[in-house]
Amino acid sequence: MATTPIEIGKKSGCAASSCGSTSDQMSHLPEHIRERVFNHPCYSEQAHHHFARMHVAVAPACNIQCNYCNRKYDCANESRPGVVSELLHPDQAIKKVIAVAAAIPQMTVVGIAGPGDPLANPERTFATFRGIAEYAPDIKLCVSTNGLSLPQHAEELSRHNIDHVTITINTLDEEIGAEIYPWVFWNHRRIRGRAAARILIEQQQRGLEMLTERGVLVKVNSVMIPGVNDSHLKEVSRVVKSKGAFLHNVMPLIAEVEHGTYYGVMEQPSPTAQELQALQDACAGDMNMMRHCRQCRADAVGLLGEDRGAEFTLDKIEAMEFDYEEIRARRAAVQSAIAEEMNKPKVQVATVSLASLKRRAVATPPVLMAVASKGGNVVNQHFGHATEFLVYEASEAGVRFVGTRRTDQYCVGSDHCDEGEDKLALAITALDGCRAVLCARIGITPWEALEAAGIKPDSDHAMEPIEEAVAALYAAMAEAGELSDAPSVGASVA
Amino acid sequence: MALKIVAACVNCWACEPLCPSQAISAAVPHFIIDAKKCTECDGDYADAQCASICPIECAIVDGFDMPLNPPGSLTNIPPERLAALG
């Protein structure tokens, strides 16, 4: 049974992702693209609450060096791109996909993202895709690449029914590129400096053009590196949109000295959540922006923000037996039920109370509110269990999703992961700038600590749909005069 | 005349398909180069292919145990900085 695309973004008026509610994120996309991404958790903010994905780590080799990457690193506690626990051969990867599809029927997407570059390992990458297409033809296939080898593989990618490709494009300028990439391997030589950046940039742009000409959906990832490419990324957004990329994902640099990367060791600062959001908002005038990226590991499994990879290690899946037809039928049933649920008409988001706010003499400023959710687009997670928060901007205009904050962003391995590390302090740091946090339940200690930090804890909206809950809390806080002194988070937004 | 892969290798597979002499193979604890087959790419390429794509400094050495990619040559991290971190 085929799933049906949800009706998203039917509201007229504003096409930019920076206004209206989050379900408008895809509103200006053509219908045929919305149909292709409606159940893709990485491409649709709405879908990521419901549908799962997995990465299979079959591509170890890389053909470039990025200053935010360290090829030596492999830690089960670490969550960021380029990191895996177990490298798979294509046949192992296919078996793992089937095992995960059996256990997590809401999985719609399998991607290859490393730990190196998938297109620097073309035999392994394409063998994996062929096998998945044979056993699970309904699962969407994606690949994420640095773009260096993209032009030579663009034709094959389009033939393999891989209709989603992500290219990491950090710059269009070879001078900036030379600061990000120390070398590329090209035509049997290691090329350095500006010459290396020139080759990489040319290949990325040509690859982007070739894919969009062939009808392949292209998302562009950019790593925001303050002082290096941050002021340039608006231009990147404009250019990649003009060449047909449908989504731009500006991600924060992850750089900790413990990671052993160039930027980590050299203490290059990462952007703050506020700086990231300001840049995403600035780019949003030109381009559909992605806000819910979790910068997954190259072997992540499950809903975005969760990782069930440890349940599917090789020793566990080797022993499993599968009934492919049964798995496929169950997957179709579960996914169409989710699609139906998503298609239900949405309750208008507290428009009455928001409208009444507008009549007040003093305008209520927009504020950020965080939500603890374990999926389903509902406020349904205990504060103490949250490893990340969804952040929404509530204003008189409505509620919009602006990003995620991870509490374990600075986790650097098991020595630092125990309870001794003050999880509560990490959570409060992650919530910097938020005026409230909505969760299913919360203990008295964190409640008091949050209040002391000027963040209002709220569990009154447990199990409610997120956007309605945020709107209701915003209205209530405004009514109670709790927001009159709020810093205007929207002030910096262009 | 042969190159050698040493303990710094992280088993990333990048070198293996590039070797014009099929001298490189996966092994435990790390990849190895068959000294009888390795030509250091003489006659095939200007640069030794394994050492030209290897991302790890000091993982590939020549017949005198000298690294083809010495410390600081691939990541631009000054070796003294790394040393200071322990």
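Bear in mind that the values here come from a model prediction, so they are computed numbers and not experimental data.
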**Item:** Heavy-atom pairs under 4.5 Å with chain A, option from B:A46, B:P55, B:A14, B:S52 with the top count
**Value:** B:S52
**Asked** At a heavy-atom separation under 4.5 Å, does B:I77 approach chain A through its side chain, its backbone, both, or neither?
**Response** both
**Asked** Taking the inter-plane angle between the rings of A:F126 and A:H153 on a 0 to 90° scale, is it parallel (under 30°), tilted (30 to 60°) or perpendicular (over 60°)?
**Response** tilted
**Asked** Do you know which of B:I60, B:N11, B:I32 makes side chain to side chain contact (heavy atoms under 4.5 Å, CB included) with B:I5?
**Response** B:I60
**Request:** May I ask you to decide if the ring planes of A:H89 and B:W13 are parallel, tilted or perpendicular, using 30° and 60° as cut-offs?
**Result:** perpendicular
**Fill in**
Whatever's closer than 4.5 Å to a heavy atom in chain B on A:V184 counts as neither
**Asked** With a 4.5 angstrom heavy-atom cut-off, which part of B:D44 approaches chain A: side chain, backbone, both or neither?
**Response** neither
**Message:** Quick check on side chain to side chain contact (heavy atoms under 4.5 Å, CB included): which of A:Q204, A:R206, A:R198 does A:E202 satisfy it with?
**Reply:** A:R198
**Item:** B:L18, part contacting chain A, at a heavy-atom distance under 4.5 Å
**Value:** side chain
**Fill in**
Highest number of heavy-atom pairs under 4.5 Å with chain B among A:Q65, A:R189, A:R192 belongs to A:R189
**Request:** Drop me the distance from A:Q203's CD to A:S149's OG, to the nearest 0.5 angstrom.
**Result:** 7.5 Å
